[in-house]
Amino acid sequence: MAGAYAGKKPGPLPPGTADFYSDMKSKPSREMREAAMDAPLGDEQKGEDPTTTELHERVARLLGKEDALFMPSATMTNEIAVAIHCQPGDEIIVERSSHLVNFEAGAPGMLAGVQTQMLDGANGMFSAEQVAAAIRPKGNLYIPETGLVVVEQTTNMGGGAVWPLQQMREVAAVARQAGIATHLDGARLMNAVVKTGISAEDYAQGYDSVTFCFTKALGCPFGALLVGSEEFIQRAWRLRQLLGGGLRQSGFMAALCLYALDHNVERLADDHRRAGQIASTLRGLDLVERVLPAETNIVIFDISRDGPTAAELVDRLLSQGFLVGAFGERRIRIVTHIGVDQSDTNRLCDELKVLLSTG
Ligand SMILES: *Cc1c(COP(=O)(O)O)cnc(C)c1O
């Protein structure tokens, strides 16, 4: 599973390229930048940065948890959660296509000393029955202990699929009954919230910790939060310092995140509508084998055998001014976000019709 950039160091894109590679590519708007100018600042690591403290409180409240901690990235956030929940030698239950096992550079093994048991889900989502079958018996000399179950909402490589609330609750309940911790990788949790109208707190309920990311769909240049109980977050402060992720005048970045919570959430519906438009365009093209459901802002599809390879399509689209991602021999990912608009979407759809039709 390799991205378009696999193996080579990325360079600057041709000017004017509409970047549908990922929602992480969005740039802060002028208004967002201005929100940081007058933010009160201090040394965050000493608890003296009021803007970051406000963000901690606001996100903790949003998710119905006791406490939160600002982090440089969602990757560090996930990995600190794994390290706190588990003992070295434990096993974590996670979906095969998840960000945690595919795009975090092997950190669960290295930083937390855990191994993974990967479940084959449907569009990145697994069932409570699968979890129950995967949990290891306790107290056996030979067998690793299960330390954590991780759920990703929305699923990234599952095509932005939204876990049904009921299914998330059943998974959490099975883990809880077995005394196993649960972590919600909610890098795109607000996409699910805007799509379904179910609150972030409802989705987080029953999960011991949550990763909440600001650099994806919310359009910020920096930051994620780890959210959980007071005791859990106390431990996270120490691990963040250990990894060199301690922050100083981070209110400058936290102000951008506060701005995003006020201004960039409801607009996610536009991203979802545009992704839906791209998906339905693709469904009508004869060189497209299949399109994953595209419920939120991610469109994943497979090119048929008669069509170009994914790498060829990426190159052809790039020469027409569009960047998309190749994630496999025939698999393409397109992501809508605040940095691409309706006109970019219309032009991309027109170009896809040209490149993926036989007629
Ligand atoms: C991008 C992503 C992350 C990591 O985010 P960074 O802030 O770039 O480290 C974690 N989980 C999921 C599901 C993601 O899509």
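In each ligand, atom 1 is the first atom listed, and ligand 1 is the first ligand listed.
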Within the structure, does [X] bring an N/O atom to less than 3.5 angstrom of an N/O atom in ligand 1?
| X | answer |
| --- | --- |
| Thr154 | no |
| Thr75 | yes |
| Ala187 | no |
| Glu152 | no |

With no hydrogens and no angle check, just 3.5 Å: does a side-chain donor-acceptor pair link Asn78 and Glu104? yes
Is Met76 touching ligand 1 with its side chain, its backbone, both, or neither, if touching means heavy atoms under 4.0 Å apart? neither
Below 4.0 Å from any atom of ligand 1, is there a heavy atom belonging to Glu104? yes
Would you say Met24 touches ligand 1, if touching means a heavy atom closer than 4.0 Å? no
Check whether any side-chain N or O of Ser357 sits under 3.5 Å from a backbone N or O of Lys353 as a donor-acceptor pair, and report yes or no. yes
Any carboxylate oxygen within less than 4.0 angstrom of a Lys/Arg side-chain nitrogen, looking at [X] and [Y]?
| X | Y | value |
| --- | --- | --- |
| Glu44 | Arg248 | no |
| Lys25 | Asp19 | yes |
| Lys65 | Glu230 | no |

Compute the ring centroids of Trp237 and Phe232, then answer whether they are less than 6.0 Å apart. no
